[in-house]
Amino acid sequence: MPAVLVTHADEPLGRRIVKTLFHDERIERVFALGAGAAPRSFDRFLAGSPPRVAYARIDLAKHRPMADFFHSARFREAEIDTVVHVPSHGPSGALASRQHHAGPLVSGVPSRTAEARLVLQHSLDARSVSSLIVIGSAFVYRLAPGNANRLSEASELDLDPNVPAEIRSWIDCDMVFHAEVGNHRARVVLLRVPTVVASGGFVYLNPALSGPSGLRLRPLGFDPMCAVVAEQDVAQAVLAAVHGGTSGVYNVAGTEHLPLSVLGRWTRRPTVPVPSSVLRAASFAARILREPQLRASVEGAHLRYGFSLDTRRAERDLGFRPGYRVGLGRAGDGRVQLEASPV
Amino acid sequence: MTPTEPLLLDGVREEVVEPIRGPLTALGSDPFETADETEEPFLERLEKLRATNVPRSGLLRGAPSPSVPRPRTRPRRLEPDPTPRERVWATTPRLAEVEFAEQSGFLDRLVPESERRRLAALGHLVDGEAPYDRFGFSPGALRAAFPFFLALYRFYFRVKSEGHENIPAEGPAILAANHGGLLPFDGAMGIIDVLLHTDPPRLARAIVDRWAGRLPWVNVFYARMGQVVGTRENFSDLLEDGQLVFVFPEGMEGIRKLVTQRYRLQRFHVGFIEQALRVGAPIIPMAILGSDDQAPVLFDLKPLARRLGLPVAPITPTFPWFGPLGLLPYPVRYRIVYGEPLRFYERFGPEGAEDARLVRYLANQVRRSVQLLVDRHR
């Protein structure tokens with residue numbers, strides 16, 4: 001039975017993945033890593049004797065702590081054979097201002113890319129690890145005019161040097177792992193996911209809507225369609241990849257598509273259409289202030305052109321099918337917000 | 001008859017499109033243009049040509065023949081899908097089965113009940129909880145815009161149409177029409193006409209130029225109304241979903257043509273033929289009369305258009321003299337005629353899409369069919 005290491009388990013998507021793995025009886029144990037303290041929702045997972053879930057606090061972007069962890073007795077005893085890397089996707093709400101993913105750490109390399117390199121290096125070095133599963137972003141693709149270009153795994157990546165640094169880091173992260181897909185030492189599975197939606201109106205991995213709730217800007221006269229996927233479906237895709245024997249790149253997406261304006265409104269991030277000159281000024285300010293997330297939210301083709309994902313390969317090789325639908329629900333306070341409900 | 005350059009003599013890229021003069025030469029280098037107008041279907045004649053291996057000279061240069069070496073340009077080949085997508089045809093219920101809410105708003109009162117019933121049926125095209133399909137089509141937005149376009153259809157353009165029985169009630173199909181007028185009201189009237197005369201009601205998904213995807217507001221409006229930017233994947237997705245696709249194979253050349261060339265069809269693009277063969281969709285020739293009269297182009301200032309990045313910089317009797325208002329169409333009477341479906345896929349199958357000469361030839365045949373409809377009903 002596999003023992004799984006999950007990175008960034010303190011962030012929303014990581015929490016969901018740990019929870020899904022915990023409830024799967026075919027998983028022997030889960031080792032969760034996070035930059036912060038263990039989430040309170042893990043309390044009941046950590047309570048067993050012996051607990052099926054262990055948690056360690058570690059900065060994934062720094063070489064020394066990573067090397068210490070992967071060479072520790074705790075890691076060896078856990079007999080980890082699968083590593084699930086969930087790149088930092090920026091917590092929403094009050095945690096958003098945390099320093100964790102803000103600036104470059106390693107001589108100009110964004111923390112997300114540095115983490116990817118370190119996780120890859122140590123996973124391949126570790127003798128017990130035979131599978132590496134990574135969640136990537138579907139915003140790495142080059143977007144062109146067309147209201148729903150269907151993008152397959154073979155579609156072109158956006159290698160334009162003017163891509164905002166936030167998206168660029170996703171592309172770098174993607175390429176770091178993509179280069180190891182044919183590795184004979186371990187099987188590498190890269191899951192590219194679009195905008196991830198969680199019940200309660202939370203949204204992750206969309207550069208235009210990342211960060212805390214509040215107003216967003218979008219170009220006047222454009223309202224691109226956004227492919228969405230429920231976070232439960234992402235966790236199910238990870239589970240399918242853990243148990244599957246294949247390696248490769250897979251698109252993972254749900255069945256629904258929403259305009260950016262509607263998605264923003266339903267997730268408490270209403271978008272305000274502004275002229276391009278205002279967006280350019282905001283982008284310039286973001287560069288001056290070194291705010292990569294702000295820059296990605298006001299600049300880039302994803303603000304103009306939508307896309308949808310071809311998920312046939314994931315259906316065929318992983319057996320993945322979206323089990324959740326994204327729609328409107330009414331919260332306890334009467335507010336209408338985005339919800340994911342089982343099909 | 002004015003001699004024209006042979007089509008496809010040295011490959012697709014080297015075709016020369018001659019200016020169209022006179023009524024018959026508008027059809028280009030149709031291999032049968034001097035043949036008698038017999039009742040024999042042209043596909044049977046094509047088969048005879050292939051069987052007899054006619055030397056490629058004179059007027060038969062355009063006909064595809066197995067004895068002729070393949071063109072230098074490589075035919076575009078799509079990767080075969082390893083896993084066929086599980087498709088459920090996007091269908092709408094028949095009018096008698098439609099359930100819809102009572103009229104509630106101001107816009108609802110403007111639209112008769114039978115038309116509101118048709119609009120309600122289109123809601124079934126959107127699957128899932130979200131009120132949008134993947135292309136951005138929104139039945140709600142269409143319902144809001146419908147009264148305006150219905151008024152244009154009934155009172156401004158006074159559209160008359162015939163041949164609706166040729167539109168399949170279900171399954172994939174392609175409407176191929178002539179294009180004219182500066183603003184695409186021919187497309188809008190075509191969509192409304194199809195919607196009003198089919199049961200179950202069908203929404204014609206118009207394929208629009210990629211250029212439109214860059215235009216602020218226009219791209220959003222088109223998407224919400226169910227129109228789709230013309231990429232290969234979008235086109236095949238619509239057909240595989242069993243939808244009715246509406247194309248103007250002339251493309252921008254159609255709206256760019258001068259008043260002296262009105263109702264003379266320009267060279268057709270061939271993508272829709274490839275898709276029709278691959279998916280097995282019939283092509284319904286469609287003539288839209290009136291569109292070429294709604295804004296006659298006297299001159300096209302091509303250098304200015306290139307400089308401004310526009311597809312056309314027209315001079316019309318009213319534009320630019322009256323500003324943007326000069327682009328509005330004249331209240332001409334529209335007439336829409338649907339021809340009999342052309343089922344090329346039955347004869348040539350999906351592999352026919354790989355033969356560039358055949359595809360070009362079939363595109364010319366569709367052009368000829370549309371031109372005949374236009375000429376007969378003008």
Side-chain angles (χ1 to χ4, degrees), chain A residues 143-152 154-155 194 197 218-228 230 253-263 266 273 275-276 301 304-317 319 321-322 324-329 338-341 343, chain B residues 78-88 90 125-141 205-241 243 271 309 311:
Chain A
L143 303 178
N147 43 14
N149 292 295
R150 181 158 56 92
L151 301 172
S152 72
S155 296
V197 175
R218 69 178 160 90
L220 199 62
F222 288 90
D223 196 5
M225 296 301 291
C226 300
V228 294
T255 52
E256 279 80 21
H257 297 79
L258 293 169
L260 180 62
S261 62
V262 174
L263 186 61
W266 289 356
S276 298
R304 288 180 167 79
Y305 310 128
F307 65 89
S308 62
L309 294 176
D310 183 354
T311 59
R312 274 178 291 182
R313 189 185 285 181
E315 287 174 22
R316 185 189 62 210
D317 292 356
R321 278 177 192 280
Y324 283 78
R325 288 212 151 156
V326 176
L328 279 182
L338 215 56
E339 295 286 346
S341 55
V343 175
Chain B
L78 283 184
E79 288 284 326
D81 287 336
T83 313
R85 187 175 290 246
E86 282 183 19
R87 292 285 185 180
V88 179
L125 290 176
V126 177
D127 184 32
E129 301 282 320
Y132 301 88
D133 78 351
R134 57 184 287 269
F135 298 104
F137 166 59
S138 163
R205 308 295 298 262
I207 298 290
V208 300
D209 196 273
R210 280 185 188 227
W211 180 74
R214 289 196 181 91
L215 290 178
W217 295 289
V218 174
N219 73 90
V220 179
F221 177 75
Y222 278 178
R224 299 293 175 271
M225 294 299 111
Q227 304 187 34
V228 175
V229 172
T231 68
R232 198 168 283 255
E233 294 80 12
N234 289 349
F235 203 129
S236 65
D237 267 11
L238 286 172
L239 287 178
E240 286 169 14
D241 280 345
Q243 302 216 31

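Everything numeric here is computed off the predicted structure, so don't read it as measured data. Heavy atoms only: backbone and side chains are in, while hydrogens, waters and symmetry mates are out.
Not a single donor-acceptor pair under 3.5 Å links the side chain of A:N149 to the backbone N or O of B:V229.
The two residues A:H257 and B:D133 make their nearest non-hydrogen contact at CB-O, 4.3 Å. When all heavy atoms are compared, the tightest approach of A:G221 to B:N219 is O-ND2, 3.0 Å. The two atoms that bring B:L215 and A:F222 nearest to each other are C-CZ, 4.3 Å, heavy atoms only.
Heavy-atom distances place the side chain of A:Y305, and not its backbone, under 4.5 Å from chain B. Interface residue A:V262: only side-chain heavy atoms are found under 4.5 Å from chain B.
Among A:P224, A:S308, A:S152, A:P259, the residue making the largest number of heavy-atom pairs under 4.5 Å with chain B is A:P259.
Each of A:E256, A:R150, A:M225 was evaluated against B:R134; a single residue qualifies, A:R150, per the side-chain contact (heavy atoms from CB on, under 4.5 Å) test.
Note that CZ of B:R224 is 5.0 Å distant from CG of A:D223, once rounded to the nearest 0.5 Å.
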